[in-house]
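First the structure, in the form of structure tokens, and then the observations on it.
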Amino acid sequence: MVQETQPPFAHSGGRKILFATSEAQPLIKTGGLADVSSGLPEALRQLGHDVRMILPAYPQAVERAREVHTLANVRIPGHAGHCLLLRGLMPGSEVPVYLVHAAGIFDRAGNPYTGHDGHDWPDNAYRYALFCKLATQVALDRVGLAWRPDLVHANDWQTGLLPALLALEPYRPATLFTIHNLAYQGVFDRHTFDSLGLPKRLWSVDGLEFHNRVSFIKGGIALSDWVTTVSPTYAREICSPALGYGLEGLLRHCGQRLTGVLNGIDYATWDPASDPNIPQHYDTQSLDLKVRNRAALQREMGLAEREDALLLGHVGRLVEQKGVDLILSMLPSLLNCEHVQLVMLGSGHPGLECRLREATARYPDRVAARIGYDEGLSHRIEAGSDCFLMPSRFEPCGLNQLYSLRYGTIPIVHRTGGLADTVVDASPTNLMRGTATGFVFDYPDAGKLWYATSRAINLARIRSMWWRKLALTGMAQDFSWTSSAHHYLDLYEGAIAAPIAIPFF
Ligand code: ADP
């Protein structure tokens with residue numbers, strides 16, 4: 001067993017933070033949680049805090065982390081084998097990462113949550129319960145690291161049991177739980193709860209019980225000192241029945257303890273002036289060069305290489321939430337404008353994948369799609385598109401519209417969640433004021449999306465000066481991690497100063 005020393009950067013005022021997550025870029029990524037899980041810890045570290053991450057030891061994560069070695073051999077009651085606690089460093093950073101290894105549990109290739117058939121692993125409740133049990137031991141300094149965090153920051157349902165297990169301890173670190181997407185809750189039947197070997201006290205309406213089932217995310221919400229979500233608008237939306245998934249009452253009950261903090265983006269990775277994934281670098285001084293990325297993208301995706309084209313892009317999971325069906329439904333109107341082209345990247349629902357393939361086969365010069373996950377191409381779409389479509393039915397924060405703003409690509413978004421908080425509509429008033437950054441529509445249907453898109457098409461065609469202004473205003477916005485990290489630090493202090501009283505323990 002190895003005792004861990006304090007790193008030199010942790011000055012006297014620095015906090016010790018254990019950041020628990022089920023994915024982190026570039027170790028493993030399925031969505032925005034991975035981007036946040038690399039960006040926020042690094043920003044906190046740069047502000048002088050001793051932040052350490054803990055993740056399951058998926059094979060890709062072990063392969064990609066730097067200097068991985070075994071720290072401790074840990075027994076978790078109820079789990080037949082030994083668990084190993086590995087330690088490494090995040091690639092390109094000095095943030096330490098603990099990786100939880102349990103033979104046959106996390107060492108499965110591919111998507112962390114689903115098997116090759118696309119279905120959830122049947123033992124996901126067991127897997128993430130085990131992860132949380134071990135992370136609890138680390139948080140309580142019971143594995144011999146001689147390091148005890150002041151606060152544990154847990155993220156999404158996979159880590160929801162961690163604040164719940166810590167809440168049972170008389171002497172524990174403060175806890176903060178972030179909801180990245182309330183649509184994913186980790187809800188399992190009563191029998192599963194019984195099989196997890198969790199303390200029986202947690203089966204309570206004030207704890208994990210949710211309509212006679214067990215809800216991992218409810219543990220994080222009900223039993224953390226503070227709860228955050230990833231935008232102020234989404235924080236309000238989840239307190240209503242439409243987006244609260246039955247948890248709206250509990251979330252309303254959190255009152256001031258529920259805060260929306262906008263995600264930042266990694267300005268080193270997403271910078272059109274230095275992005276190694278794009279053929280032509282540019283910045284606000286050389287925005288005219290951006291069109292070269294469009295030409296390259298047209299070539300790469302097999303679209304007609306028209307200089308006068310207006311290229312619309314989309315990247316994302318092909319699921320109902322993202323409104324991809326709305327994009328497909330407005331295609332007939334879109335394709336009436338003969339200079340408009342569409343490029344899409346994503347994977348997910350087989351029905352949507354099939355509709356996308358049909359569209360590309362039917363209009364090969366105008367519509368191109370790549371089904372799959374491709375980090376490099378996602379950068380080239382951001383750089384090469386003129387507009388980025390995000391008609392999400394709901395969107396907790398959304399990252400791609402932030403990347404678009406950074407790349408001078410005009411976002412067209414539904415006014416929901418983080419999209420509403422980050423994109424300013426190009427109304428005549430906002431254009432005159434110089435605050436407009438994109439096009440925003442109020443209701444997620446194909447008609448409203450088409451209306452917003454046609455406004456963009458008209459502005460691009462008629463008034464190129466305004467178009468340029470729109471792009472430059474977007475590029476001037478600051479969505480770096482630093483301001484979000486300061487906001488989180490204030491909340492950490494609040495949680496440390498005033499832990500919640502847990503009534504039923
Ligand atoms: P969510 O977390 O709901 O999927 P976000 O907008 O918060 O949505 O984050 C999605 C992240 O995943 C972005 O960084 C986006 O570029 C990336 N992404 C999604 N699908 C793909 C894909 N098929 N290829 C490459 N990157 C993708």
Side-chain angles (χ1 to χ4, degrees), residues 21-40 110-114 118 155-158 178-185 229-231 233-234 237-238 243 260-271 275 277-278 297 300-301 313-324 327 343-349 352-353 356 368-385 388-407 409 411 413-414 416-423 479 481 484:
T21 179
S22 57
E23 49 184 281
Q25 175 71 351
L27 301 185
I28 185 151
K29 169 167 168 175
T30 71
L33 171 62
D35 299 68
V36 176
S37 298
S38 58
L40 177 58
N111 185 297
Y113 316 123
T114 59
N155 295 278
D156 271 355
W157 76 262
Q158 293 87 351
T178 299
I179 302 164
H180 295 262
N181 192 338
L182 193 62
Y184 302 94
Q185 303 194 350
T229 187
V230 288
S231 69
T233 296
Y234 192 60
E237 289 172 341
I238 56 177
L243 288 180
V261 185
L262 267 182
N263 285 336
I265 58 172
D266 180 348
Y267 271 24
T269 308
W270 292 93
D271 181 359
D275 187 338
N277 298 290
I278 66 174
L297 185 60
E300 178 176 356
M301 299 300 288
H314 176 83
V315 179
R317 293 179 295 119
L318 298 178
V319 293
E320 202 203 353
Q321 177 201 337
K322 301 289 177 184
V324 180
I327 300 177
V343 58
M344 307 213 5
L345 165 65
S347 63
H349 194 277
L352 286 170
E353 289 185 0
L356 209 49
R370 180 83 52 83
I371 308 290
Y373 190 91
D374 188 333
E375 195 72 32
L377 180 57
S378 75
H379 286 240
R380 289 191 292 284
I381 290 178
E382 285 293 3
S385 303
F388 196 93
L389 298 169
M390 276 187 90
S392 308
R393 290 187 163 81
F394 69 93
E395 192 61 77
C397 177
L399 293 172
N400 277 105
Q401 85 281 13
L402 303 180
Y403 302 146
S404 301
L405 292 171
R406 178 86 162 133
Y407 279 64
T409 301
V413 306
H414 173 214
T416 183
L419 300 176
D421 292 336
T422 53
V423 181
F479 291 110
W481 265 111
S484 305

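Remember, it's 1-based here, ligands and their atoms both numbered in the order they're listed. In this text the structure is predicted, and so the values were computed from the model without any measurement.
- With sequence neighbours excluded, the residues forming a side-chain hydrogen bond (donor to acceptor under 3.5 Å, both in side chains) with Ser22 are Tyr113, listed by chain and number.
- The ring of Trp270 has its center closer than 6.0 angstrom to the ring center of Tyr403.
- In terms of protein heavy-atom proximity, atom 21 (C) of ligand 1 is nearest to Tyr373 CE1, 3.4 Å.
- Of the N or O atoms in Asp374, one or more lie within a sub-3.5 Å distance of an N or O in ligand 1.
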*asked:* Set out, in order, the CA-CA distance, both residues' side-chain angles and the distance that settles side-chain contact (heavy atoms from CB on, under 4.5 Å) for Ser392 and Lys322, then state yes or no.
replied: CA-CA 4 Å; Ser392 308; Lys322 301 289 177 184; 4.2 Å; yes
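- Annotation: cation-pi pair Arg406/Phe479 absent, no NZ/CZ under 6.0 Å from the ring centroid and within 45° of its normal.
- Polar contact with ligand 1: present for Lys322 (N/O pair, distance under 3.5 Å).
- Here Leu377 contributes atom CG and Arg370 contributes atom CZ; the two are 5.0 Å apart, rounded to the nearest 0.5 Å.
- Given atom 4 (O) of ligand 1, the protein heavy atom at minimum distance is Arg317 NE, 2.7 Å.
- Considering backbone and side-chain atoms together, Val315 places no N or O closer than 3.5 Å to any N or O of ligand 1.
- At a 4.0 Å cut-off, not a single heavy atom of Cys397 sits close enough to ligand 1 to count as contact.
- Atom-to-atom distance recorded for Ile371:CD1 and Leu318:CG is 5.5 Å, nearest 0.5 angstrom.
- Inter-residue side-chain proximity for Pro396 and Gln321 is flagged as met; some heavy-atom pair is nearer than 4.5 Å.
- Protein heavy atom in closest approach to atom 10 (C) of ligand 1: Gly32 N, 3.6 Å.
- In this structure, atom 6 (O) of ligand 1 lies nearest to the protein heavy atom Leu399 N, 3.0 Å.
- Qualifying side-chain hydrogen bond (donor to acceptor under 3.5 Å, both in side chains) partners for Tyr407, counting only residues two or more places apart in sequence or in other chains: Asp275.
- Within the 4.5 Å cutoff, no side-chain heavy atoms of Thr269 are placed close to those of Gln25.
- Of all the atoms in ligand 1, the ones that sit under 4.0 Å from a non-hydrogen atom of Gly346 are 23 (N).
- With respect to atom 12 (O) of ligand 1, the closest heavy atom belonging to the protein is Lys29 CE, 3.4 Å.
- The residue from Gly372, Ser347, Ala183 that puts a heavy atom closest to atom 23 (N) of ligand 1 is Gly372.
- At least one N/O-N/O distance between Asn400 and ligand 1 falls below 3.5 Å.
- At the shortest separation from atom 19 (C) of ligand 1 among protein heavy atoms lies Gly316 CA, 3.8 Å.
- If you number the atoms of ligand 1 from 1 as listed, the ones under 4.0 Å from a heavy atom of Asp35 come out as 14 (O).
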